[in-house]
Novice: 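Can you keep this structure in mind? I'll have questions shortly.
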Amino acid sequence: MVEYGSPLYIYSHGQIVSNWQKFDQAFGGHPHLICYGVKANSNLGVLSVLANLGSGFDIVSIGELERVIAAGGKPERCVFSGVSKTKTEIHRALELGILCFNVESAAELDSVESVAKLMSTKAPISIRVNPDVDANTHPYIATGLKENKFGVSIDTALALYKKAEHSQHLDVFGLDYHIGSQITEVSPFIEALEKALELISKLKAEGIKISHIDIGGGVGIAYNAEKTINIEQYIRSVLDKVGDLEVILEPGRAIVGDAGIFVTQVEYLKQSGVKSFAIIDGAMNDLLRPSLYGSYHQAIAVEDNSKGIKDTWDLVGPICETGDFLAKDRELTLTQGDYIAFMSAGAYGFVLSSNYNTRPRVAEVMVSGSHHALVRKRETVSSLFENEFIFNDEIN
Ligand SMILES: *Cc1c(COP(=O)(O)O)cnc(C)c1O
C-alpha cells in the first residue's frame, strides 16, 4: 500500500486463473470456448493473464478488441457483441479476423454484410436472440426481457438467419444470447437455453446449420455470502441439453469479481450523534457500483485496530454528491489513517471509474504469491486537462 499509494485496486492472479479454470474444466472434453467478458475489467494485466491461459474474449467495442490484441489475445478467439457496431468497427474486426459477430438487429446485419461485400470477404455471424426470460436481477443489468434493447425476438431471428444463409458475404456460425448480469440461479439460463435450442432445431429443418451456441455471461458471485450458481452444476445441465454443439460462454464478473479488492484510507471521522461518517479517500468516481445499483461490497479493516472508535459507520467519499457512498451502516473500529478494503471489487470497478471532481483514476496492481506489480499507474492531475484548451474570447 505504501509503495503504490491510496486508493488502489489490487487483483489476485491466482484467483483469476482458478476462476477461469473452473469454467474451462467443467466442460471436460466437450468442444467449448470461454470468451471472457472484457467489459468487466479490461486492464491489460488482467487480459494478459487470461490470454496466457488460452482464453477467448467477448468484446463490445473495437477499443476492447485492440486491448485484447495488445495483451496477447487472439482475434480468432473473439466474439463481438453490442447493439451498435459501427461500420468502421466492423471493418477493423474483419481485418483482424475475429471469430464471430454477435449481430443484434436486422439493420446491423445489413451493415456487416455491406462491409464484408466492400472487402470482398465473408463475415462470420451469430444472431443474438432475446429469449424473453426474467433473470431476476437488478433492472439495469437485466438484458433478456423483450422490452430490453438487446438482441432480436426468436421470430425475427428465423427471418434473419434465412437472409444470412443466402448472402454471399455472410457465414452463419452460431446463435447467442446474454440474459443479464449477476444472476444467482440456474433456472433462467436453462429457460433461455431451451428456447434457443428450439430455434436451432427449426433452423436445422430449414437446412441452416448452426455450429455453436453462445450462452452468454451473467453468472453471479457472492458479494455478501448469498447463495449463487454452482458452476459445475450449471455447465452439466447445459451439456445435458446441447448434444454435440460447441458451447461458447462469456463470463465476466465470475472471472474477475472476487479476484479484486479496492483499498482506501480513512481521512476523517465525523460523528454527529445522529450519523457517523468515515470519510475515505476512495469515492463513487473510483467504485460506482454502490451509487449506481445500490450494490453491496463487504468492507474490512485491513489491520486489526483495537485503539479505534467502534461505531456503525457510513463509508463516504469526498465527492460533492450525497450519493457518494461506498457502504452504509457498517460496524467497524476505525481511526484516521486506517486502510479499508472493499471486497469483490474486481468486476465493474475500475472500468466504471471517471475523473469526476478532477480526481485522477487510481492505480491497479496485480499480486501473485509474493510477487506484485503495477498494471496501471495512477493518473496525474496535469494529465487530466492536457487535452483541454483555454478559450480566447478576445477574438471577434
Ligand atoms: C456484459 C456482458 C457479458 C459479461 O457479463 P457478466 O455478467 O460480467 O458475466 C457477457 N456477454 C455480453 C454480451 C455482455 O454484454
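Start at 1 and go down the list; that is how both ligands and their atoms are numbered. No experiment lies behind these values; they were computed from the predicted model shown. What you see below is based on every heavy atom in this structure, not just the backbone, and it leaves out hydrogens, waters and symmetry mates.
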Novice: Begin with the C-alpha distance, continue with both residues' side-chain angles, and end with the deciding distance and a verdict on side chain to side chain contact (heavy atoms under 4.5 Å, CB included) for Glu267 and Gln336.
Specialist: CA-CA 6 Å; Glu267 294 284 351; Gln336 264 181 312; over 6 Å; no

Novice: Can you report which non-hydrogen protein atom sits closest to atom 11 (N) of ligand 1, along with the distance?
Specialist: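 So the nearest neighbour among protein heavy atoms is Glu250 OE1, 2.5 Å.
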
Novice: Give the other cluster members for Val316, using side-chain heavy-atom distances under 4.5 Å between Ile, Leu, Val, Met, Phe, Trp and Tyr residues; answer none if it is isolated.
Specialist: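 Val316 shares its hydrophobic cluster with Tyr268, Phe277, Ile279, Phe325.
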
Novice: I'd like to check which ligand 1 atoms, numbered from 1 as shown, lie under 4.0 Å from a non-hydrogen atom of Ser81.
Specialist: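 So the answer, numbered in order with elements, is 13 (C).
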
Novice: Any idea which atoms of ligand 1 are less than 4.0 Å away from a heavy-atom of Tyr348?
Specialist: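 Every atom of ligand 1 under 4.0 Å from some heavy atom of Tyr348: 1 (C), 4 (C), 5 (O), 6 (P), 8 (O).
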
Novice: Classify the ring geometry between Tyr4 and His372 as parallel (under 30°), tilted (30 to 60°) or perpendicular (over 60°).
Specialist: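 Tyr4 vs His372 ring planes: perpendicular.
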
Novice: What pairs with Glu64 under side chain to side chain donor-acceptor pair (under 3.5 Å), at least two apart in sequence or on another chain?
Specialist: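 In terms of side chain to side chain donor-acceptor pair (under 3.5 Å), with neighbours along the sequence ignored, Glu64 is linked to no residue.
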
Novice: Does atom CG (Asp240) have a neighbourhood of more than 12 heavy atoms from anything else shown, all under 6.0 Å?
Specialist: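 Yes, enclosed.
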
Novice: I need the nearest protein heavy-atom contact for atom 14 (C) of ligand 1: residue, atom name and distance, please.
Specialist: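 Sorting protein heavy atoms by distance from atom 14 (C) of ligand 1 puts Lys39 NZ, 2.9 Å first.
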
Novice: Is there any N or O on Asp58 that sits under 3.5 Å from an N or O of ligand 1?
Specialist: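 By distance alone, the answer is yes.
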
Novice: Can you hop from Val79 to Tyr161 via hydrophobic side chains spaced under 4.5 Å?
Specialist: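 As far as the 4.5 Å side-chain criterion goes, Tyr161 and Val79 are not connected within one cluster.
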
Novice: Using a 4.0 Å cut-off to any heavy atom of Arg128, which atoms of ligand 1 qualify?
Specialist: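 The list of qualifying atoms is 13 (C).
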
Novice: With nothing but distance in play, are any N or O atoms of Arg253 less than 3.5 Å from an N or O of ligand 1?
Specialist: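 By distance alone, the answer is yes.
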
Novice: Which of the atoms in ligand 1, numbered in the order shown and given with their element, are less than 4.0 Å from a heavy-atom of Ser181?
Specialist: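 Under 4.0 Å from Ser181, ligand 1 has these atoms: 6 (P), 7 (O), 8 (O).
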
Novice: Number the atoms of ligand 1 from 1 as they appear, then name those within less than 4.0 Å of a heavy atom of Pro251, with their elements.
Specialist: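 Per the distance check, 9 (O).
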
Novice: Taking only heavy atoms of Gly217 into account, list the atoms of ligand 1 that are under 4.0 Å away from them.
Specialist: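 Here the atoms of ligand 1 in question are 9 (O), 10 (C).
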
Novice: Any heavy atom of Ala254 sitting closer than 4.0 Å to ligand 1?
Specialist: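 Distance cut 4.0 Å: Ala254 fails for ligand 1.
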
Novice: Looking only at heavy atoms, which two atoms of Tyr140 and Leu292 are closest? And how far apart?
Specialist: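 So the minimum-distance heavy-atom pair works out to CE2-O, 3.6 Å.
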
Novice: Please name the pair of heavy atoms, one in Val375 and one in Asn43, separated by the smallest distance, quoted to 0.1 Å.
Specialist: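 Where Val375 meets Asn43 most closely, the heavy atoms are O-ND2, 3.2 Å.
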
Novice: Indicate yes or no: does an N/O atom of Gly218 lie under 3.5 Å from an N/O atom of ligand 1?
Specialist: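 Min N/O separation from ligand 1 is below 3.5 Å for Gly218.
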
